[in-house]
Participant: 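After the structure tokens below, expect a handful of questions from me.
Just so it is clear, the structure is predicted and the values come from calculations on it, not from any experiment. Residue numbers begin at 1 in each chain, while the letters A, B, ... track the order of the sequences.
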Amino acid sequence: MDPSLILDGLNDAQREAVCAPDGANLVLAGAGSGKTRVLIHRIAWDIDVMGASPFSILAVTFTNKAAAEMRGRVENMLNQPVQGMWIGTFHGLCHRLLRQHWKEAALPQGFQIIDSEDQVRYLKRLIRGLELDEAYYPPRQVAGFINHHKEEGRRAAAVPLARDPKYAEWVRIYQTYEDACQRAGIVDFAELLLRAWEMLKSSEPLRAHYQKRFQHILVDEFQDTNSIQYSWLRLLAGGHKNLFVVGDDDQSIYGWRGAKVENILKFERDYPGAKTVRLEQNYRSTGNILKAANAVIDNNDTRLGKNLWTDAGEGEKVRLYAAYNEVDEARYVVDQIQKSVDDNRRRDESAILYRSNAQSRVFEELLISAGMPYRVYGGLRFFERAEIKDALAYLRLMTNRDDDVSFERVVNTPTRGIGNRTVEIIRDIARNNSISMWRAASQAVNNKLLPARAANAVNTFLELIDSMAAERNEDDLEGAVNIVLEYSTLLEHYKSDKSEKAQAKTENLEELLSAARMFEFDEEEGLGELDAFLSHAALEAGEQQGAEWDDCVQLMSLHSAKGLEFPQVFLTGMEEELFPHRNSMSDAGKLEEERRLCYVGMTRAREQLFLSYAESRRLYGQTHPARPSRFIDEITEELRDRVRAAGPARSGIVGYGGAAASAFASPMRKTGVEVANGIKLGSRVRHAKFGDGMVTNYEGSGESARVQVNFEFAGQKWLVLAFANLEVVS
DNA sequence: ATCGTCATAATTTTT
DNA sequence: TTATGACGAT
């Protein structure tokens, strides 16, 4: 193959990385320096030039999105589908290993994956079962404790015993949880990694097999790896040590969830002679933006050192807006976006970034009243919705009756006369006999351990699940979902409810049917279709709702913005205590991570970067004076332009909290705006009987469209557009 | 079993 | 401010 096809268009450093000899290679890739590109070209290089078989390649990412993108781009580049290559997330790949070697991993064949929410719910049950006070052992924190230890490769028995008796109890909960999961055949996210690692570590033949198979291991976002992921890689690359890792220590922002930047340093130590390549040329931002970002990150002491540069021009200076309060800040931002839209720029060229999600509200309110469509990242995803998880729980019980998490979830959903007391009795039996809830329930029924009425209800439930399983056709996934929706009466339950919410839930359940219909089943993993679907649901919670193709202003937290870029970026809420966040200010390490977060935010901008802070901010219902963030001071003065807030507080700002604000008491997170006949979200409309009001929400379109209007005097009403005869005013 | 009331806590997120 | 969860009353 002709190497030039792969090397063309790469700069020197990129090229050096792509065709580096086998062995340990570390690519320190600054923001916007083409890191994904290097990774993809490297894979192509291995296959096309070095003649590696796709079977010998293992490429690891952190998100499904990144994995899918990488696969697509590699195939594009090689102009053919790559078969046999493993590209996926750490969790996805470990899952695959465990499915293929469930015996060696000591798991039941039909093991199920639980997500973080399930994990916390389950822990809560177990903590109660141990008769411990939830107030002293908050399930969330216990989950964090357990996950932390798992990420460090420690099982409950291996957690060093501390003098603190409270801590000993935590370990006891961990042990209880570990046993319970094993019994129920469920595996949490951290367990996927830990199990796979333990399996490879303890089984010499398996380890040898995969070490031999994966001659080329590539890792994206290496700075985000935690300890167990690092060990996992080390194990797999044990023989040949052909590890090609790409990362940026300056963009490490997930230390709080176990990521270890130190792994980059460790890498150079653990693989002596590792080659390091720095990618410092940035293809994204203009000079001033880069200089400003460099100036900020330069204040961190623990850096490997890197300086981004560009040969694009200086561009505009960074603009700084000092707002009176958060509403003024939002108004300024929305005004600026309006200006660029008037300038024929797309709305999705603008991104509003913030440190914490609570800050999105004010922006949403003002965007609605400006009639500007927007999209907020970071809500619940499809497979995380309660009604979807209910349906999935039925499916899971069908394939694994011992799945206690699912049992608890749906035993009385929808209500079928199995009350708390009854469930408690079953739980006790399960605990006392170390059996699953399902078995305990059938014992309770058979041995007459329940009052007649309860026994009857429980029995009906057991038979329901059995009949669902019996009715199901192995190779008809959609049919299985249909059976669940019908037999469980979930759909009926929501359909009979005429409320807004219930209707949305009905639609979601119907969407689940089509998700099942569209599911692309890959038989080679040795899984049944249903199990594959359930694993898929757990590992890929699904897209954020909201149509990507809509032209919407983008709102997201700084963390969610990593990896993205926008021509125009608004970095808002640049205030001490908010950003850097108050919880991260006292610890030097945490503060540096905040600074990196700032660096990540700034380097999202291609052409224009706006920073803003408010002198007074209302947060959690209380107004506090605020000081500008230290990060602002760290930007050299000549790189920024201070945009003055125009004059003293204006009536428009101060008066905002009145009638208009109350109209937005509950902003809906909608992405579209135009409803019909010139009526938009935020439009002022007049109704013959109710008077004037503002459109705050809508659903449907055309004839059947309904809009929600907040009338100044008549309050909130839903109106069918075709009948309401609304007139748009001013 | 469901509804309403009260207290509480409230970065960041993927798998 | 607000969302969530626990608890008590119907």
Participant: Please report the distance, rounded to the nearest Å, between CG in A:L380 and P in C:dA3.
Facilitator: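 Taking CG of A:L380 and P of C:dA3, I get 13 Å after rounding.
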
Participant: Without decimals, in angstroms, what is the distance between A:R140 CZ and B:dT12 C1'?
Facilitator: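 Atom CZ in A:R140 sits about 13 Å away from atom C1' in B:dT12.
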
Participant: Determine the interatomic distance between C1' on B:dT14 and the same-named atom on C:dA3; round to the nearest Å.
Facilitator: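 Taking atom C1' in both B:dT14 and C:dA3, they lie 23 Å apart.
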
Participant: Determine which pairs satisfy salt bridge (charged side-chain N to carboxylate O under 4.0 Å, His left out) with at least one residue from residues 137-150 of chain A, sequence neighbours left out, and list them in order.
Facilitator: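 Salt bridge (charged side-chain N to carboxylate O under 4.0 Å, His left out) check on residues 137-150 of chain A returns A:K150-A:D188, A:K150-A:E191.
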
Participant: Would you tabulate the pairs of protein nitrogen or oxygen atoms and nucleotide nitrogen or oxygen atoms of nucleotides 2-9 of chain B closer than 3.5 angstrom?
Facilitator:
residue : atom : partner : partner atom : Å
B:dT2   : OP1  : A:T415  : OG1          : 3.3

Participant: For A:L591 and B:dT12, give me the distance from atom CG to atom P, rounded to whole Å.
Facilitator: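 That distance rounds to 18 Å.
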
Participant: Under 6.0 Å between the ring centres of A:F214 and A:W86?
Facilitator: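 Between A:F214 and A:W86, the centre distance is under 6.0 Å.
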
Participant: Rounding to the closest angstrom, what is the interatomic distance between C:dA6 and B:dT11 at atom C1'?
Facilitator: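 25 Å, rounded to whole Å.
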
Participant: Taking side chain to side chain contact (heavy atoms under 4.5 Å, CB included) as the definition, give me every residue that meets it alongside A:L130, ordered by chain and number, with sequence neighbours left out.
Facilitator: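 With sequence neighbours excluded, A:L130 shows a side chain to side chain contact (heavy atoms under 4.5 Å, CB included) to A:L132, A:R172, A:I173, A:T176, given in chain and number order.
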
Participant: For DNA chain C, find the residues of residues 572-584 of chain A with a heavy-atom distance under 4.0 Å and give them by number; none if there aren't any.
Facilitator: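 When residues 572-584 of chain A is checked for heavy atoms under 4.0 Å from DNA chain C, there are no hits whatsoever.
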
Participant: Quick check with a 6.0 Å cut-off and a 45 degree axis cone: is A:R234 positioned over the face of A:Y230's six-membered ring?
Facilitator: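 Checked: cation-pi criterion not met.
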
Participant: Can you see whether A:N508 engages A:E387 through a side-chain donor-acceptor pair at a distance of less than 3.5 angstrom?
Facilitator: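 Yes, A:E387 and A:N508 have a side-chain donor paired with an acceptor closer than 3.5 Å.
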
Participant: Any chance you could lay out the side chain to side chain donor-acceptor pair (under 3.5 Å) test for A:N147 and A:Q119, step after step, and finish with the verdict?
Facilitator: CA-CA 10 Å; A:N147 292 337; A:Q119 183 188 31; 2.8 Å; yes

Participant: Could you work out, with side chain to side chain contact (heavy atoms under 4.5 Å, CB included) as the rule, every residue matching A:S535, not counting sequence neighbours?
Facilitator: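 Result, side chain to side chain contact (heavy atoms under 4.5 Å, CB included) vs A:S535: A:H95, A:R99, A:I113, A:L527.
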
Participant: With sequence neighbours excluded, tell me which residues meet ring pair (Phe, Tyr, Trp, His ring centres under 6.0 Å) with A:H581.
Facilitator: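 Result, ring pair (Phe, Tyr, Trp, His ring centres under 6.0 Å) vs A:H581: none returned.
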
Participant: Of A:G417 and A:S356, whose nearest nucleotide on DNA chain B comes first from the 5' end?
Facilitator: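 Taking each residue's closest nucleotide, the earlier one in sequence belongs to A:G417.
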
Participant: Between C:dT4 and A:K124, is there an OP1 or OP2 to side-chain N/O distance shorter than 4.0 Å?
Facilitator: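 Negative; the distance criterion is not met.
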
Participant: Considering only nitrogen or oxygen atoms on both sides, find all protein atoms under 3.5 Å from nucleotides 13-15 of chain B and state each distance.
Facilitator:
residue : atom : partner : partner atom : Å
B:dT13  : OP1  : A:S557  : OG           : 2.5
B:dT13  : OP1  : A:S560  : OG           : 3.0
B:dT13  : OP2  : A:N357  : OD1          : 3.2
B:dT13  : O2   : A:R257  : NH1          : 3.3
B:dT15  : OP1  : A:N64   : N            : 2.7
B:dT15  : OP1  : A:N64   : ND2          : 3.3
B:dT15  : OP2  : A:R381  : NH1          : 3.3
B:dT15  : O2   : A:H91   : NE2          : 3.3
B:dT15  : O4   : A:S116  : OG           : 2.5

Participant: Reading DNA chain B from 5' onward, which residue's closest nucleotide shows up sooner: A:I253 or A:N420?
Facilitator: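 Of the two residues, A:N420 wins.
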
Participant: Quick one: list whatever passes side chain to side chain contact (heavy atoms under 4.5 Å, CB included) with A:Q359, sequence neighbours left out.
Facilitator: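 A:Q359: side chain to side chain contact (heavy atoms under 4.5 Å, CB included) contacts with A:Y354, A:R355, A:S356, A:T572, A:L578, A:R617.
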
Participant: Mind checking ring pair (Phe, Tyr, Trp, His ring centres under 6.0 Å) for A:F579 and listing every partner two or more places apart, or none if nothing turns up?
Facilitator: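 Residues passing ring pair (Phe, Tyr, Trp, His ring centres under 6.0 Å) with A:F579: A:F631.
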
Participant: Only counting residues at least two apart or in another chain, list the ones meeting ring pair (Phe, Tyr, Trp, His ring centres under 6.0 Å) with A:Y599.
Facilitator: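 A:Y599 satisfies ring pair (Phe, Tyr, Trp, His ring centres under 6.0 Å) with no residue once adjacent residues are dropped.
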
Participant: Collect all protein-nucleotide pairs involving nucleotides 8-10 of chain C in which both atoms are nitrogen or oxygen and the distance is under 3.5 Å.
Facilitator:
none

Participant: Got a sec, which residues hit side chain to side chain contact (heavy atoms under 4.5 Å, CB included) with A:A605, two or more places apart in sequence or on another chain?
Facilitator: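 A:A605 satisfies side chain to side chain contact (heavy atoms under 4.5 Å, CB included) with A:I289, A:V569, A:L609 only.
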
Participant: Does a side-chain N or O from A:R128 land closer than 4.0 Å to OP1 or OP2 of C:dA6, or not?
Facilitator: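 Yes, such a contact exists.
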
Participant: Within the structure provided, determine whether A:K389 and A:D118 are in side-chain contact (heavy-atom separation under 4.5 Å).
Facilitator: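 In short, these two side chains touch, coming nearer than 4.5 Å.
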
Participant: Rounded to the nearest angstrom, tell me the gap between atom CG in A:L353 and atom C1' in B:dT11.
Facilitator: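 In whole Å, B:dT11 C1' lies 15 Å from A:L353 CG.
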
Participant: Taking the six-membered ring for Trp and the single ring otherwise, decide whether the centroids of A:W256 and A:Y254 are under 6.0 Å apart.
Facilitator: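 Ring centroids of A:W256 and A:Y254 are less than 6.0 Å from each other.
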
Participant: Answer with base, sugar-phosphate or nothing: what part of the nucleic acid does A:E151 contact at a heavy-atom distance below 4.0 Å?
Facilitator: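 No contact.
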
